[in-house]
Asker: 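Let me give you the structure first, and then I'll get to my questions.
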Amino acid sequence: MSLRLIDTHQHLWDPSLFSYSWMEDLPVIRQRNLIDEYRIATRGASVLGSVYVDTDVDDRDRQREAQMIFELADTPANNLVGIVASVRPERPGFLEHLRPFFGHPRLKGVRRVLHTQDDSMSESPLFVSQIRELARLGLSFDLCVLAHQLPHALRLVRACPEVRFILDHCGSPEIRQRTMEPWKSSLAALAREPNVDCKLSGLVNCAAPGELSFEILLPFVNHVIECFGWNRVVWGSDWPVCKLACPLDRWCELTDQLLAHATADQRQRVFCLNAVRVYRLERNSMDEPPR
């Protein structure tokens, strides 16, 4: 890929240090995946910086894991230009564990994985009221939902108009079933809300094993661009979760092909420039790609 990248969806974890119950049956990724491993995975790509995104670490380890991630971000050579931290907005005081990091220049947003939870959780009064607090703090919220949960995401977005939302993984369309609806209509409705951006990430794991191809992904990616336009889509690797379907360099190749029809300016926006706005990144921290 010739363009320089900002990876807006990178995970970092070490199961020898912290517990991640959700990956117990996923040996392909249940191993150390930290900065050194990410550098190997991105070798050959010009990654200017990456945004760490919540790993859904077990509750007992959230504080310690946050400490490790912020310490990694304090080392310029690691090129961690943003952090989207783990929260539980369904509980009172959902930001208390992050209070020591308020004001840290890399803290950009928070996330609660919703696709593993009851569909209605994001509509509870406590959840909604606490998400509204993010606007005052200048933090965004990453929406991690499945296609059938997009209507719930839409109601949350409408209830919190001052909050900036980023939809992870294009709303997880049912690519393996080759089913466009109701994802197609739901995504279009969400895109009409001005406080939502969309992350071109995670699609490789939505496809059926062994059926990952440009042709299968193209109609879904085209719909994302049609709905959100070239100014509201950012690129993310979803590394190392992407390894369940393909290596990171294969996802880079696919997105390069999927956006081959775009102008140079449009491609630069998706792969780099939009991320600066969406996650309020500091340009001077990304002058040169990591070595």
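In this chain, residues are counted from 1 in sequence order.
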Asker: Nearest heavy-atom pair of Arg60 and Ser19: which atoms, and what distance?
Answerer: NH2-OG, 2.7 Å
Asker: To the nearest 0.5 Å, what is the distance between SG on Cys198 and CG on Leu167?
Answerer: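 Answer for the SG-CG pair, Cys198 versus Leu167, is 4.5 Å.
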Asker: Measure the spacing between CH2 of Trp183 and CD of Glu174 and express it to the nearest 0.5 Å.
Answerer: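 Reported to 0.5 Å precision, the distance equals 11.0 Å.
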Asker: If Ile, Leu, Val, Met, Phe, Trp and Tyr residues are connected whenever their side-chain heavy atoms lie under 4.5 Å apart, and connections chain through other members, are Met121 and Leu150 in the same group?
Answerer: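 Both belong to a single hydrophobic cluster.
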Asker: How about Asp238 and Ser201: does a side-chain donor come under 3.5 Å of a side-chain acceptor?
Answerer: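 No pair is found: no donor N or O on one side chain lies under 3.5 Å from an acceptor on the other.
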Asker: Is Arg267 paired with Asp256 through a side-chain N to carboxylate O contact shorter than 4.0 Å?
Answerer: yes
Asker: Locate the shortest heavy-atom distance separating Glu65 from Leu12; write the atom from each residue and the value.
Answerer: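 So the minimum-distance heavy-atom pair works out to OE2-O, 4.1 Å.
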Asker: Can a salt bridge be assigned to the pair Glu211 and Arg176 using a cut-off of 4.0 Å between side-chain N and carboxylate O?
Answerer: no
Asker: Between atom CZ of Phe127 and atom CZ of Arg88, what is the distance when rounded to the nearest 0.5 Å?
Answerer: 10.0 Å
Asker: Could you go through Arg280 and Ser140, starting from their C-alpha distance and side-chain angles, then the distance that decides it, and tell me whether this counts as side chain to side chain contact (heavy atoms under 4.5 Å, CB included)?
Answerer: CA-CA 10 Å; Arg280 305 164 308 285; Ser140 59; 4.1 Å; yes
Asker: Could you grab the distance from atom CG of Leu134 to atom CG of Leu137, nearest 0.5 Å is fine?
Answerer: 6.5 Å
Asker: Side-chain heavy atoms nearer than 4.5 Å, only ILVMFWY residues, links allowed to pass through others: does that put Trp230 and Leu258 together?
Answerer: yes
Asker: Could you report the tightest heavy-atom contact between Ala73 and Ile83, atom names first, then the distance?
Answerer: CB-CD1, 3.9 Å
Asker: For the pair Arg132 (side chain) and Ala159 (backbone), establish whether a donor and an acceptor sit closer than 3.5 Å, ignoring hydrogens and angles.
Answerer: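 Such a contact is found between Arg132 side chain and Ala159 backbone.
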Asker: Calculate, to the nearest 0.5 Å, the distance between atoms CG and CG belonging to Leu281 and Leu273 respectively.
Answerer: 11.0 Å
Asker: Locate the shortest heavy-atom distance separating Ala188 from Cys227; write the atom from each residue and the value.
Answerer: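 Smallest heavy-atom distance, with atoms named: CA-SG, 3.6 Å.
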Asker: Looking only at non-hydrogen atoms, find the nearest pair between Ala85 and Leu107 and report the distance.
Answerer: CB-CD1, 4.2 Å
Asker: Hey, are Arg250 and Glu253 close enough for a salt bridge, meaning a charged N less than 4.0 Å from a carboxylate O?
Answerer: yes
Asker: So does Lys108 pair up with Asp54, basic N to acidic O under 4.0 Å?
Answerer: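 No.
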Asker: Side-chain contact test, heavy atoms from C-beta onward, threshold under 4.5 Å: evaluate it for Val241 versus Leu26 and give yes or no.
Answerer: no
Asker: More than 12 foreign heavy atoms under 6.0 Å from CG of Asp25: is that the case here?
Answerer: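 No, the 6.0 Å shell around CG holds no more than 12 heavy atoms from other groups.
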Asker: Are Leu126 and Leu156 joined in one hydrophobic group, where the rule is that I, L, V, M, F, W and Y side chains link up if heavy atoms are under 4.5 Å apart?
Answerer: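 Result: no, two separate clusters.
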Asker: Look at the aromatic rings of His9 and His11 and report parallel, tilted or perpendicular, splitting at 30° and 60°.
Answerer: perpendicular
Asker: Check the pair Leu248, Tyr38 against side chain to side chain contact (heavy atoms under 4.5 Å, CB included), reporting the backbone distance first and the verdict last.
Answerer: CA-CA 9 Å; Leu248 189 152; Tyr38 181 71; 4.3 Å; yes
Asker: Side chains of Ser86 and Thr55: does their closest heavy-atom pair fall under 4.5 Å?
Answerer: no
Asker: What pair of heavy atoms forms the shortest contact from Val51 to Val84, and how long is it?
Answerer: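 The pair with the smallest heavy-atom distance is CG1-CG2, 3.8 Å.
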Asker: Is there a side-chain contact between His97 and Gln67 (heavy atoms, below 4.5 Å)?
Answerer: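 They are not in contact (no side-chain heavy atoms under 4.5 Å apart), so the answer is no.
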Asker: Apply side chain to side chain contact (heavy atoms under 4.5 Å, CB included) to Cys144 and Leu114, showing your working.
Answerer: CA-CA 6 Å; Cys144 188; Leu114 294 174; 5.6 Å; no
Asker: Which of parallel (below 30°), tilted (30 to 60°) and perpendicular (above 60°) describes Trp251 and Trp235?
Answerer: parallel
Asker: Side chains of Val81 and Glu282: closer than 4.5 Å at any heavy-atom pair?
Answerer: no
Asker: Say whether, by atom type as modelled, one donor and one acceptor occur between the side chain of Arg232 and the main chain of Ala191 under 3.5 angstrom.
Answerer: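 Answer holds: yes.
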Asker: Should Asp142 and Tyr279 be marked as a side chain to side chain contact (heavy atoms under 4.5 Å, CB included) after you check the CA-CA gap, both sets of side-chain angles, and the distance that decides it?
Answerer: CA-CA 11 Å; Asp142 266 47; Tyr279 283 116; 2.8 Å; yes
Asker: Once rounded to the nearest 0.5 Å, what's the spacing between atom CG of Asp197 and atom OG1 of Thr8?
Answerer: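 So the CG of Asp197 and the OG1 of Thr8 are separated by 10.0 Å.
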Asker: Just checking, any donor-acceptor pair under 3.5 angstrom between side chains of Arg32 and Ser16?
Answerer: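 There is no such pair between these side chains.
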Asker: Keeping the roles fixed (side chain from Asn274, backbone from Val234), state whether a donor-acceptor pair exists under 3.5 Å.
Answerer: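 Pair absent, no side-chain N/O of Asn274 close to backbone of Val234.
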Asker: Are Asp118 and Ser120 close enough, and set up right, to give a side chain to side chain donor-acceptor pair (under 3.5 Å), and what steps lead you there?
Answerer: CA-CA 5 Å; Asp118 186 271; Ser120 63; 2.5 Å; yes
Asker: Just wondering, do Val128 and Arg155 contact through their side chains at under 4.5 Å, heavy atoms?
Answerer: no
Asker: Decide salt bridge (charged side-chain N to carboxylate O under 4.0 Å, His left out) for Glu37 and Lys243; before the verdict, give the C-alpha distance in whole Å, the side-chain angles of both, and the deciding distance to 0.1 Å.
Answerer: CA-CA 12 Å; Glu37 289 76 18; Lys243 294 195 291 183; over 6 Å; no
Asker: Can you get from Phe18 to Met23 by hopping between Ile, Leu, Val, Met, Phe, Trp and Tyr side chains that sit under 4.5 Å apart?
Answerer: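 Same cluster: Phe18 reaches Met23 through Ile, Leu, Val, Met, Phe, Trp or Tyr contacts under 4.5 Å.
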Asker: Stepwise, does the salt bridge (charged side-chain N to carboxylate O under 4.0 Å, His left out) test hold for Asp7 with Lys199?
Answerer: CA-CA 10 Å; Asp7 184 353; Lys199 195 174 293 187; over 6 Å; no
Asker: Judged by atom type as modelled, is there a donor-acceptor pair below 3.5 Å linking the side chain of Glu123 to the main-chain atoms of His152?
Answerer: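 No: the side chain of Glu123 does not pair with the backbone of His152.
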Asker: Does any non-hydrogen side-chain atom of Arg112 lie less than 4.5 Å from one of Phe141?
Answerer: yes
Asker: Can you tell me if Gln268 uses its side chain to pair, donor with acceptor, with the backbone of Cys272 under 3.5 Å?
Answerer: no
Asker: So do Asn33 and Gln31 actually touch side chain to side chain, heavy atoms under 4.5 Å?
Answerer: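 Side chain of Gln31 against side chain of Asn33, heavy atoms only: contact under 4.5 Å found.
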Asker: Can we say Arg136 and Glu162 salt-bridge, meaning some charged N sits less than 4.0 Å from an Asp/Glu carboxylate O?
Answerer: no
Asker: Determine whether a donor-acceptor pair (N or O, by modelled atom type, separation under 3.5 Å) exists between the side chain of Thr263 and the backbone of Gln266.
Answerer: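 A pair under 3.5 Å: yes.
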Asker: So if you build clusters from Ile, Leu, Val, Met, Phe, Trp, Tyr with side-chain heavy-atom gaps below 4.5 Å, do Phe70 and Leu17 land together?
Answerer: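 Phe70 and Leu17: one cluster.
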Asker: Could you check whether any side-chain heavy atom of Leu72 comes within less than 4.5 Å of a side-chain heavy atom of Thr75, counting everything from C-beta outward?
Answerer: no
